[in-house]
Amino acid sequence: MPEVLVYVDHTDGAVRKPTLELLTLARRIGDPVAVVLGTSTPSTAALLADHGAVRILTSHASEYAEYLVVPKVDALEAAYTAVTPAAILFPSSAEAREIAARLAIRIGSGLITDAVDLRRERDELTFTQAAFAGEFTITSRITTDTAVVTVKANSAPVEQSPAPGAVVQLDVCFGELATGTKVVSRTPRAVSSRPELTEAAIVVAGGRGMNGVENFALLESLADSLGAAVGASRAAVDAGWYPHSSQVGQTGKTVSPQLYIAAGISGAIQHRAGMQTSKKIVVVNRDPEAPIFELADFGVVGDLFDVVPQLTQEIIDHQG
Ligand code: FAD
């Protein structure tokens with residue numbers, strides 16, 4: 001089996017869920033080799049091995065935290081040279097996409113961004129993307145030897161598949177550009193018990209129909225009953241009801257959860273661009289003509305102030 005590099009997205013060794021999803025996908029097309037840059041712990045390697053990494057390449061240099069992405073690009077290039085993989089997989093985070101793009105240029109490789117699936121067919125790798133706000137599904141093949149691919153969160157399940165996970169030190173020589181842009185300060189994100197919007201398996205989103213910041217508490221209760229993240233349309237964000245970091249859509253975040261619940265959102269094309277690849281879409285809207293119903297797997301024509309509290313109560317009762 002060819003080897004497939006998987007870039008590990010982590011914070012001080014705590015691996016984020018999309019990386020475990022990448023390991024599931026990598027196993028479909030070869031033997032996963034994980035690349036961990038910066039501070040990690042023995043439990044980082046144990047988790048990666050438990051999810052299928054046959055080898056784990058590590059590099060602990062402080063440059064990864066002190067400078068922007070170029071040291072990581074240098075490290076990935078070193079991993080590419082050491083392994084000659086069939087593909088290099090990244091999560092579709094902003095930073096990982098930048099690393100992937102720079103790496104693809106360095107190694108003269110084709111790049112696929114925001115893939116939602118990948119497979120090996122007759123010894124060729126094919127990648128699936130959703131384009132034009134999800135209106136088209138594209139299947140692509142990369143014609144260079146190594147494919148560089150970023151994959152949207154929630155594109156595959158997290159599956160345990162124990163593998164040797166031998167830890168190997170990766171030798172990295174940083175180029176002149178590596179220390180060109182220094183990180184001078186960091187502001188920690190406000191801590192929330194809810195999952196990160198782009199990684200959440202369930203997203204509950206509200207729009208102008210929420211009719212005020214105070215009413216978002218209804219959505220938050222629903223979200224907490226489901227372990228979901230809360231999103232918002234641009235109309236709700238522009239009104240100051242929810243932060244821009246929660247905006248879903250063309251000028252916000254792209255989400256692709258297992259379940260997307262839209263309450264009081266009309267379904268403008270710019271909103272759909274950010275959520276149309278959700279696996280199941282549930283809509284609550286009092287206007288039966290709202291375009292969002294075109295996407296709905298399950299739709300309720302009704303007043304969200306009646307429907308959402310009842311839905312939350314049903315879920316709590318069902319759990320209890
Ligand atoms: P509306 O379109 O006003 O819809 C509100 C809905 O709530 C209606 O369907 C109504 O029937 C329903 N409703 C009202 N009250 C109730 C109730 N009590 N119960 C049930 N339903 C109710 N938008 C985004 O979301 N994300 C983006 O990233 C984004 N980027 C954009 C980029 C550009 C360049 C432009 C031009 C626009 C962008 N927009 C974006 C804006 C987009 O065009 C829409 O204006 C916006 O999505 C509308 O938000 P909405 O659906 O919440 O509001």
Side-chain angles (χ1 to χ4, degrees), residues 92-95 97 113-114 116 129-136 150 152-154 189 194-200 202-223 225-226 228-315:
S92 276
S93 66
E95 184 191 68
R97 276 192 296 200
T113 55
D114 290 344
V116 292
Q129 292 161 290
F132 295 115
E135 294 290 335
F136 292 89
T150 78
K152 276 190 181 180
N154 294 305
R189 214 177 11 204
R194 298 195 185 100
E196 153 65 26
L197 183 59
T198 54
E199 295 173 11
I202 305 177
V203 172
V204 176
R208 202 193 309 268
M210 294 308 299
N211 203 26
V213 61
E214 63 283 1
N215 298 325
F216 264 82
L218 288 178
L219 283 192
E220 290 169 351
S221 300
L222 175 59
S225 73
L226 292 164
V230 178
S233 73
R234 177 157 152 184
V237 170
D238 285 351
W241 302 340
Y242 234 63
H244 181 257
S245 56
S246 301
Q247 183 177 315
V248 173
Q250 184 185 318
T251 43
K253 290 186 174 158
T254 301
V255 299
S256 197
Q258 298 296 326
L259 172 63
Y260 187 88
I261 303 178
I265 295 177
S266 62
I269 184 77
Q270 297 90 352
H271 185 80
R272 294 157 69 135
M275 46 66 74
Q276 197 151 6
T277 55
S278 304
K279 311 294 177 293
K280 287 274 181 275
I281 297 172
V282 172
V283 169
V284 182
N285 197 304
R286 67 183 178 191
D287 175 7
E289 302 297 323
I292 190 107
F293 279 116
E294 292 164 15
L295 299 180
D297 294 286
F298 186 84
V300 181
V301 179
D303 189 321
L304 69 89
F305 296 103
D306 292 333
V307 176
V308 171
Q310 288 184 54
L311 180 57
T312 308
Q313 197 55 53
E314 278 288 329
I315 291 164

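Worth saying up front: this structure is predicted, and the values here are computed from it rather than measured. Remember, it's 1-based here, ligands and their atoms both numbered in the order they're listed.
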**Student:** Taking H271 for the side chain and V248 for the main chain, is one N or O donor matched with an acceptor at less than 3.5 Å?
**Tutor:**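 Yes, because the side chain of H271 sits within donor-acceptor range (under 3.5 Å) of the backbone of V248.
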**Student:** Any idea which heavy atoms bring G299 and F293 closest together, and the distance?
**Tutor:** CA-CE2, 3.8 Å
**Student:** Below 4.0 angstrom from a heavy atom of Q247, which ligand 1 atoms are there? Numbered from 1 as shown, please.
**Tutor:**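 Heavy-atom distances to Q247 below 4.0 Å select 26 (N), 27 (C), 28 (O), 29 (C).
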**Student:** I'd like to check which ligand 1 atoms, numbered from 1 as shown, lie under 4.0 Å from a non-hydrogen atom of G207.
**Tutor:**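 Under 4.0 Å from G207, ligand 1 has these atoms: 52 (O).
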**Student:** When only distance counts, is V248 in polar contact with ligand 1, meaning an N/O pair under 3.5 Å?
**Tutor:** yes
**Student:** What's the shortest distance from atom 53 (O) of ligand 1 to any protein heavy atom, and which residue and atom give it?
**Tutor:**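 Nearest neighbour among protein heavy atoms for atom 53 (O) of ligand 1, to 0.1 Å: R208 CB, 3.5 Å.
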**Student:** In the protein, which heavy atom is nearest to atom 48 (C) of ligand 1, and how far is it?
**Tutor:**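 Sorting protein heavy atoms by distance from atom 48 (C) of ligand 1 puts A235 CB, 4.0 Å first.
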**Student:** Nearest to atom 29 (C) of ligand 1, what protein heavy atom do you find, and at what distance?
**Tutor:** T251 OG1, 3.4 Å
**Student:** Give the minimum heavy-atom separation between T277 and A130, together with the two atoms involved.
**Tutor:** CG2-CB, 3.2 Å
**Student:** For the residue pair S92 and D114, confirm or rule out a side-chain donor-acceptor distance under 3.5 Å.
**Tutor:**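 There is such a pair between these side chains.
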**Student:** Please list, one pair per line, the donor and acceptor atoms closer than 3.5 Å that link side chains of residues 304-315 to other protein atoms, with sequence neighbours excluded.
**Tutor:**
residue : atom : partner : partner atom : Å
Q310    : NE2  : D306    : O            : 3.2
T312    : OG1  : V308    : O            : 2.9
Q313    : NE2  : D317    : OD1          : 3.0

**Student:** Between the main-chain N or O of M210 and the side-chain N or O of N215, is there a donor-acceptor pair closer than 3.5 Å?
**Tutor:** yes
**Student:** Which residue and non-hydrogen atom of the protein lie closest to atom 2 (O) of ligand 1, and at what distance in Å?
**Tutor:** S266 OG, 2.6 Å
**Student:** So, is A236 polar-close to ligand 1, with some N/O to N/O distance under 3.5 Å?
**Tutor:**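 Between A236 and ligand 1 (N or O atoms, distance only) the closest approach is not under 3.5 Å.
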**Student:** Run the numbers for me: atoms of ligand 1, each under 4.0 Å from some heavy atom of G252, listed by number.
**Tutor:**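 Answer, ordered by atom number: 28 (O).
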**Student:** Quick one: pull up CD in E199 and NZ in K152 and give me the separation to the nearest 0.5 Å.
**Tutor:** 14.5 Å
**Student:** When you measure from atom 31 (C) of ligand 1 to every protein heavy atom, which one gives the shortest distance, and what is it?
**Tutor:**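 Ranked first by proximity to atom 31 (C) of ligand 1 is R234 NH1, 3.1 Å.
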**Student:** How far is atom 14 (C) of ligand 1 from its nearest protein heavy atom, and which residue and atom is that?
**Tutor:**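 Its nearest protein heavy-atom neighbour is G209 CA, 3.4 Å.
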**Student:** Only heavy atoms of A268, strictly under 4.0 Å: list the atoms of ligand 1 that pass.
**Tutor:**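 Ligand 1 atoms under the 4.0 Å threshold to A268: 42 (C), 43 (O), 44 (C), 47 (O).
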**Student:** What do you think, any protein heavy atom under 4.0 angstrom from atom 45 (O) of ligand 1?
**Tutor:**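 It does not; no protein heavy atom is within 4.0 Å.
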**Student:** Tell me whether Q129 contacts the main-chain N or O of T113 through its side chain, where contact means a donor paired with an acceptor under 3.5 Å.
**Tutor:**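 Side chain of Q129 to backbone of T113, a donor-acceptor pair under 3.5 Å: yes, one is there.
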**Student:** Would the distance check show the side chain of D297 and the main-chain N or O of V282 forming a donor-acceptor pair, the cut-off being under 3.5 Å?
**Tutor:** no
**Student:** Which one of E289, M210, R286 has a non-hydrogen atom at the shortest distance from atom 21 (N) of ligand 1?
**Tutor:** R286
**Student:** Which ligand 1 atoms are under 4.0 Å away from a heavy-atom of D303?
**Tutor:** 17 (C), 18 (N), 19 (N)
**Student:** Has the side chain of K253 got a donor or acceptor atom that lies under 3.5 Å from a matching backbone atom of S245?
**Tutor:** yes
**Student:** Please output the side-chain donor-acceptor pairs of residues 229-236 that fall under 3.5 Å, not counting sequence neighbours, one pair per line with the distance.
**Tutor:**
residue : atom : partner : partner atom : Å
S233    : OG   : A235    : N            : 3.4
S233    : OG   : A236    : N            : 3.3
R234    : NE   : D238    : OD2          : 3.4
R234    : NH1  : T251    : OG1          : 3.4

**Student:** May I ask you to identify the nearest protein heavy atom to atom 50 (P) of ligand 1, giving residue, atom name and distance to one decimal place in Å?
**Tutor:** S233 OG, 3.5 Å
**Student:** More than 12 foreign heavy atoms under 6.0 Å from NZ of K279: is that the case here?
**Tutor:** yes
**Student:** Would you mind running through ligand 1 and noting each atom that sits below 4.0 Å from a heavy atom of Q250?
**Tutor:** 27 (C), 28 (O)
**Student:** For G302, take its heavy atoms, then give the atoms of ligand 1 lying under 4.0 Å from any of them.
**Tutor:**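 Contacts of ligand 1 toward G302, numbered from 1: 19 (N), 20 (C).
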**Student:** Measure the acute angle between the ring planes of F216 and Y242, then classify it against the limits of 30° and 60° as parallel, tilted or perpendicular.
**Tutor:** parallel
**Student:** Do me a favour and list the nearest non-hydrogen protein atom to atom 19 (N) of ligand 1 with residue, atom name and distance?
**Tutor:**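 Answer, as residue, atom name and distance: L304 N, 2.9 Å.
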**Student:** Mind checking whether G264 has an N or O less than 3.5 Å away from an N or O of ligand 1?
**Tutor:**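 Yes, G264 has an N/O under 3.5 Å of an N/O on ligand 1.
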**Student:** With atom 8 (C) of ligand 1 as the reference point, say which of V307, D287, N285 has the nearest heavy atom.
**Tutor:** N285
**Student:** With atoms numbered from 1 as shown, which atoms in ligand 1 lie under 4.0 angstrom from a non-hydrogen atom of F305?
**Tutor:**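 The list of qualifying atoms is 18 (N).
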